[in-house]
Amino acid sequence: GLHRALLGLWAALGLGLLSLSAVTQEPFWADLQPRVALVERGGSLWLNCSTNCPRPERGGLETSLRRNGTQKGLRWLARQLVDIREPETQPVCFFRCARRTLQARGLIRTFQRPDRVELVPLPAWQPVGENFTLSCRVPGAGPRGSLTLTLLRGTQELIRRSFAGESPRARGAVLTATVLARREDHGANFSCRAELDLRPHGLGLFENSSAPRELRTFTLPPEPPRLTAPRLLEVGSEGPVSCVIDGLFPVSEAGVYLALGDQRLSPDVTLEGDALMAITTATASAEQEGARQLVCNVTLGGESRETRENVTVYSFPEPHLTLSEPNAPEGTIVTVTCAAETQALVTLDGIPAAAPGQPAQLQLNATEYDDRRGFFCDATLEVDGETLSKNESVELRVLYAPRLDDSDCPRSWTWPEGPEQTLRCDARGNPQPSVHCARPDGAAVLALGLLGPVTRALAGTYRCTATNDQGQAVKDVTLTVEYAPALDSVGCPERITWLEGTEVSLSCVALGVPPPNVSCVRFGGAEVIEGLMRVAREHAGTYRCEATNARGSAAKNVAVTVEYGPRFEEVSCPSNWTWVEGSGRLFSCEVAGKPQPSVECVGSGGTSEGVLLPLAPPDPGSRAPRIPSDLAPGTYICNATNRHGSMVKMVTVSAESPPQMDESTCPSHQSWLEGAEAAALACSARGRPSPQVSCSREGAPRPQRLRVSREDAGTYRCLATNAHGTDARIITVGVEYRPVVAELAASPPGGVRPGGNFTLTCRAEAWPPAQISWRAPPGAPNIGLSSNNSTLSVAGAMGSHGGEYECAATNAHGRHTRRITVRVAGPWLWVAVGGAAGGAALLAAGAGLAFYVQSTACKKGEYNVQEAESSGEAVCLNGAGAGAGRDAGAEGGSEAAGTSEVPAGGEVFAIQLPSA
């Protein structure tokens with residue numbers, strides 16, 4: 001319709017524009033749009049014919065195509081062309097202008113989609129290894145130059161051909177290819193795909209495919225199948241038939257036909273790989289007698305392979321064997337006849353007949369030895385060059401009275417006890433005699449011919465009677481039942497007790513038939529115990545008694561216990577025993593004796609009088625008595641008793657203990673004084689026997705010195721040892737030493753200006769730590785001390801603060817002092833500017849301060865450090881106070897060398913540290 005025409009118009013727009021350049025550049029022209037168009041076959045198209053002539057005389061559009069509508073104006077004409085089917089046509093647009101004809105020629109081509117794609121049918125079956133043709137037809141599709149055909153196996157492209165370059169007017173295409181058939185092509189689908197590519201013309205790609213066609217390939221070998229069957233087949237009998245062929249593909253598609261003559265057989269077909277096997281049985285009938293053909297035909301892919309074999313069907317009935325008297329009494333004449341129905345030659349017990357088809361006979365006088373005698377009749381027949389034979393047999397029965405032979409019914413029977421037996425006493429005779437065996441007194445009857453257990457109660461003598469309608473026979477038989485030995489508790493008890501010193505014998509009586517032989521051997525030995533022997537302890541133990549006869553053996557363990565009175569052994573119950581405190585051990589007094597004696601040990605004399613000595617139980621699993629925390633040493637009397645007597649033994653018990661150290665014998669913290677004579681640690685230990693104590697320093701060993709050094713301080717380990725063990729203790733040793741003022745310094749150094757501040761620091765080394773005290777110049781006010789007196793400070797220094805200061809360090813081992821001089825100096829101008837009034841005021845203030853210090857602080861003689869710090873006042877000791885300080889130093893020990901004495905009348909500043 002109009003839509004398709006517009007698509008063609010746009011497709012040809014580019015070509016139309018190019019063609020405009022070819023128009024002769026004249027004042028007037030004619031134009032046709034679209035100049036080139038591609039339209040689907042049967043479609044429609046609008047063509048526009050126009051001119052630039054101002055007033056054309058006439059105009060039109062010449063074409064052979066059908067028209068549907070026309071629109072026009074002064075200088076243009078539009079016409080719709082419908083049902084366009086020609087492959088190619090050239091419409092002409094013309095106008096008459098100024099006595100000239102203006103023309104424009106166009107080109108319209110059609111295309112047809114590949115709506116029909118046909119693949120020529122494939123052969124029904126294609127042999128593997130042979131070529132077949134694939135042919136694809138696409139009628140009407142075009143233009144052919146835009147077509148591409150592809151032949152496919154499944155999705156695999158086999159061949160692809162493009163028809164580019166063909167005439168634009170050409171339509172339809174055919175593609176043919178030759179393909180080699182393969183096994184894997186069986187069941188494969190082949191198809192053809194057509195592609196019409198109009199994308200270069202502004203349209204799309206049009207595709208279509210044929211319906212798939214399935215290819216079936218096959219392989220049928222040239223060799224015929226292998227047919228196996230019997231060459232001869234008797235009427236009424238069955239014979240196996242098999243037909244096998246290899247190399248078939250696909251084997252499941254193969255058909256098999258089996259027939260014997262006109263009779264079709266129904267085989268069981270088995271497929272394995274590429275092989276086919278048909279198996280059946282052929283049954284011959286009387287109508288088929290003679291030569292017949294057996295046929296096997298295998299068909300696959302429209303081809304077949306066949307095999308034929310000859311089979312001869314024959315008839316050969318069984319021969320006839322008869323007796324004139326099948327059940328003949330003893331002494332009767334019996335005639336035996338052997339005959340056959342066909343032209344077969346018969347033989348009776350190896351004697352042939354006179355001629356084929358005649359019978360064979362013999363006669364005999366029947367005796368008991370002919371009973372159950374067999375006669376054999378054999379017939380032979382020749383068929384197709386092969387000799388066949390058949391035979392028949394018959395048995396003669398001779399009637400005679402019973403006979404009891406020793407071979408069938410022995411006079412003496414010996415049976416083992418236990419297993420089930422079938423008791424037999426067989427008698428000869430015809431008819432078969434019945435046999436009955438019973439004791440003469442009728443107390444027991446043997447169940448002959450029945451399976452049952454043999455017991456000892458069956459032993460004895462029996463009378464057996466055999467009876468039939470020809471007479472009877474009688475026989476006495478003896479039955480002996482044998483059984484293996486048995487050792488019971490009556491004849492051979494499991495436990496025997498003997499008393500040491502008595503005479504005994506070890507004997508065991510066993511039950512069994514025949515009577516067993518019994519022997520006893522001690523475990524681990526080989527000597528058989530026989531006769532009387534005097535009992536000793538070494539006879540105790542386990543004996544193996546074994547009873548043996550022809551039916552087996554029995555063994556039994558006999559435990560022999562030898563009992564005897566108590567007896568002490570020094571090894572198991574020593575005469576001297578040492579009890580170790582805390583060891584948890586009890587006195588072990590094990591006494592030999594059977595039965596096990598009871599033992600009791602009681603003290604006799606001294607602290608152990610009447611004391612019961614706890615004993616360790618002889619059995620580790622028994623409950624032990626309570627372990628005592630203390631045990632009285634002394635002499636104990638141990639008494640052992642059992643039912644065969646008693647015995648007494650004296651035991652001496654002593655008590656000892658392992659080492660033990662505690663705070664009382666070895667203090668954990670000890671102190672030494674530096675410079676004192678070197679001594680050992682004060683450590684001892686309790687224990688019996690007396691322990692040896694040795695001490696060593698932990699880590700680095702302590703060097704040998706004559707005097708105590710500070711390096712001797714540290715941790716020591718003391719070890720106490722005796723025969724019963726060790727005990728260790730850790731000791732911490734501290735070394736104390738006299739005080740030394742190691743440092744005394746002023747800040748700032750070199751002096752201070754009046755009104756300035758200064759600080760004195762005193763550092764001392766001592767252990768225990770030293771107490772620090774100071775002595776300042778007389779009349780020095782406003783002196784402050786730190787909490788531990790190590791620092792003296794002055795704020796607003798005056799001339800009275802200048803002079804010598806002394807620091808003293810004191811502990812329990814001595815006192816040491818050092819001095820330092822402080823100078824308070826300033827410029828003369830500063831002193832003079834003060835004037836007389838200032839000097840007077842200063843003197844008055846100094847006098848007042850001196851009076852206050854002496855009247856308050858000096859009265860007390862000392863200040864608590866907290867009070868001194870909180871008040872900011874110095875503590876002054878003079879006069880008596882100074883003496884008190886010296887007395888205190890004397891109490892603490894002599895002053896260290898190199899220190900100076902406190903000058904008489906000097907002022908001493910000190911802080912007493914508050915007690916914790």
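When a residue number appears, it is its place in the shown sequence, counting from 1. From a predicted model like this one, the values you see are computed outputs, not experimental measurements.
For the pair D441 and R463, the salt-bridge criterion is not met [side-chain N within less than 4.0 Å of a carboxylate O]. With respect to R231 and E309, no salt bridge is recorded, no charged nitrogen being found less than 4.0 Å from a carboxylate O. We find that E223 and R305 are not joined by a salt bridge, their nearest charged nitrogen and carboxylate oxygen being 4.0 Å or further apart. Salt-bridge check for E546 with R544: failed, with every basic side-chain N at 4.0 Å or more from each acidic carboxylate O. E368 and R428 are joined by a salt bridge, as a carboxylate oxygen and a charged side-chain nitrogen come within less than 4.0 angstrom of each other. Of the charged side-chain nitrogens involved, at least one lies within less than 4.0 Å of a carboxylate oxygen, so that R411 and D406 count as a salt-bridged pair. One finds a salt bridge joining K390 and E234 here, because a Lys/Arg side-chain nitrogen approaches an Asp/Glu carboxylate oxygen to under 4.0 Å.
The backbone N or O of L532 sits nowhere less than 3.5 Å from a side-chain atom of S505 that would complete a donor-acceptor pair. The main-chain N or O of S285 is found under 3.5 Å from a side-chain atom of Q288 such that the two form a donor-acceptor pair. Between the D349 side chain and the F376 main chain, a donor and an acceptor come within less than 3.5 Å of each other. Under a 3.5 Å cut-off, the side chain of T217 and the backbone N or O of R182 do form a donor-acceptor pair. A donor-acceptor pair under 3.5 Å is formed between the side chain of K556 and the backbone N or O of C492. One N or O on the side chain of N549 and one on the backbone of P514 form a donor-acceptor pair closer than 3.5 Å. Of the possible polar contacts, one joining the Q432 side chain to the A427 backbone as a donor-acceptor pair under 3.5 Å is found. A donor-acceptor contact shorter than 3.5 Å is absent between the side chain of D405 and the backbone of D408. No side-chain donor-acceptor contact under 3.5 Å links R397 to the backbone of P329. A distance-only check finds a donor-acceptor pair linking the side chain of N468 to the backbone of Y400 [under 3.5 Å].
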side-chain contact (heavy atoms from CB on, under 4.5 Å), that's the test. Do L248 and V298 meet it? Break it down for me. CA-CA 10 Å; L248 296 179; V298 177; 4.2 Å; yes

Could you check F249 against H186 for ring-ring contact (aromatic ring centres under 6.0 Å, His included), going step by step and ending with a plain yes or no? CA-CA 9 Å; F249 175 81; H186 180 70; 5.6 Å; yes

Working for side-chain contact (heavy atoms from CB on, under 4.5 Å), residues T322 and V336: CA-CA 6 Å; T322 59; V336 184; over 6 Å; no

What's the verdict on salt bridge (Lys or Arg N to Asp or Glu O under 4.0 Å) for D246 and R226, showing C-alpha distance, side-chain angles and the deciding distance? CA-CA 9 Å; D246 299 325; R226 300 186 298 278; 3.2 Å; yes

For T387 and E382, run side chain to side chain donor-acceptor pair (under 3.5 Å): C-alpha distance rounded to whole Å, both residues' side-chain angles, the deciding distance at 0.1 Å, then the answer. CA-CA 4 Å; T387 300; E382 185 175 347; 4.9 Å; no

Please step through side-chain contact (heavy atoms from CB on, under 4.5 Å) for the pair L446 and L479, ending with a clear verdict. CA-CA 10 Å; L446 288 180; L479 173 61; 4.1 Å; yes

Go through the steps for L499 and V535 under the test side-chain contact (heavy atoms from CB on, under 4.5 Å), then give the verdict. CA-CA 7 Å; L499 181 61; V535 177; over 6 Å; no

Run the numbers on Q472 and T465 for side chain to side chain donor-acceptor pair (under 3.5 Å), then give the verdict. CA-CA 7 Å; Q472 71 173 15; T465 303; 6.0 Å; no

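Crowding of E272 atom CD: a count of heavy atoms from other residues, nucleotides or ligands under 6.0 Å not exceeding 12. Within a 6.0 Å sphere centred on CG of D262, heavy atoms belonging to other residues, nucleotides or ligands number 12 at most. With a 6.0 Å radius and a threshold of 12 heavy atoms from other residues, nucleotides or ligands, R567 has its CZ atom at or below the threshold. Under a cut-off of 6.0 angstrom, the local environment of OH in Y369 is sparse, with at most 12 non-hydrogen atoms contributed by other residues, nucleotides or ligands. For E420, the CD atom sits in a packed shell: over 12 heavy atoms of surrounding residues, nucleotides or ligands are nearer than 6.0 Å.
In this structure, the side chains of Y314 and L232 come closer than 4.5 Å at one or more pairs of heavy atoms. Considering only heavy atoms from C-beta on, D488 comes within 4.5 Å of L511 through its side chain. A 4.5 Å side-chain heavy-atom check between Y543 and N557 finds every atom pair outside the cut-off. Put simply, the side chain of L362 reaches to within 4.5 Å of the side chain of F375, judged on heavy atoms. Considering only heavy atoms from C-beta on, T337 stays 4.5 Å or farther from L321 through its side chain. When side chains are defined from C-beta on, P433 does not count as touching T467, because their heavy atoms never get closer than 4.5 Å. Counting heavy atoms from C-beta on, the side chains of L294 and N310 never come closer than 4.5 Å. Between D476 and Y462, every side-chain heavy-atom pair lies at or beyond the 4.5 Å cut-off.
In this structure, CZ on R213 lies 7.0 Å from CG on L122, to the nearest 0.5 angstrom. To the nearest 0.5 Å, the span separating CD1 on I351 from SG on C338 amounts to 11.0 Å. To the nearest 0.5 Å, atoms CG (N430) and CD (E330) are separated by 10.5 Å. We find the OG1-CG distance between T312 and L233 to be 9.5 Å, quoted to the nearest 0.5 Å. For the atom pair CD1 (I245) and CG (L220), the distance works out to 5.5 Å, reported to the nearest 0.5 Å. Note that the CG atom of L258 and the CD atom of Q263 stand 11.0 Å from one another [nearest 0.5 Å].
Of all non-hydrogen atoms in A360 and V346, the two that sit nearest each other are N-CG2, 4.1 Å. The nearest pair of heavy atoms linking V179 to R153 is CG1-NH2, 3.9 Å. Here the closest non-hydrogen pair linking A353 and P359 is CB-O, 3.7 Å. Summarising the geometry of A379 relative to A344, their closest heavy-atom pair is CB-CB, 4.3 Å, with the distance given to 0.1 Å. A366 and A328 get closest at one heavy-atom pair: CB-CB, 4.3 Å. For the pair L265 and A282, the tightest heavy-atom approach, listed with the atom from each and the gap, is CD1-CB, 4.2 Å.
Taken as a pair, C425 and C409 meet the criterion of an SG-SG distance shorter than 2.5 angstrom. C545-C508 SG separation is not under 2.5 Å; the pair is not scored as a disulfide.
Geometrically, R456 engages Y483 in a cation-pi contact defined by less than 6.0 Å to the ring centre and at most 45° from the axis.
Side-chain atoms of E325 and T332 form no donor-acceptor pair, as typed in the model, at a separation below 3.5 Å. Side-chain atoms of T299 and N297 form a donor-acceptor pair, as typed in the model, at a separation below 3.5 Å. If you check the side chains of H644 and E563, you find a donor sitting under 3.5 Å from an acceptor.
Two rings, from F190 and F132, have their centers less than 6.0 Å apart.
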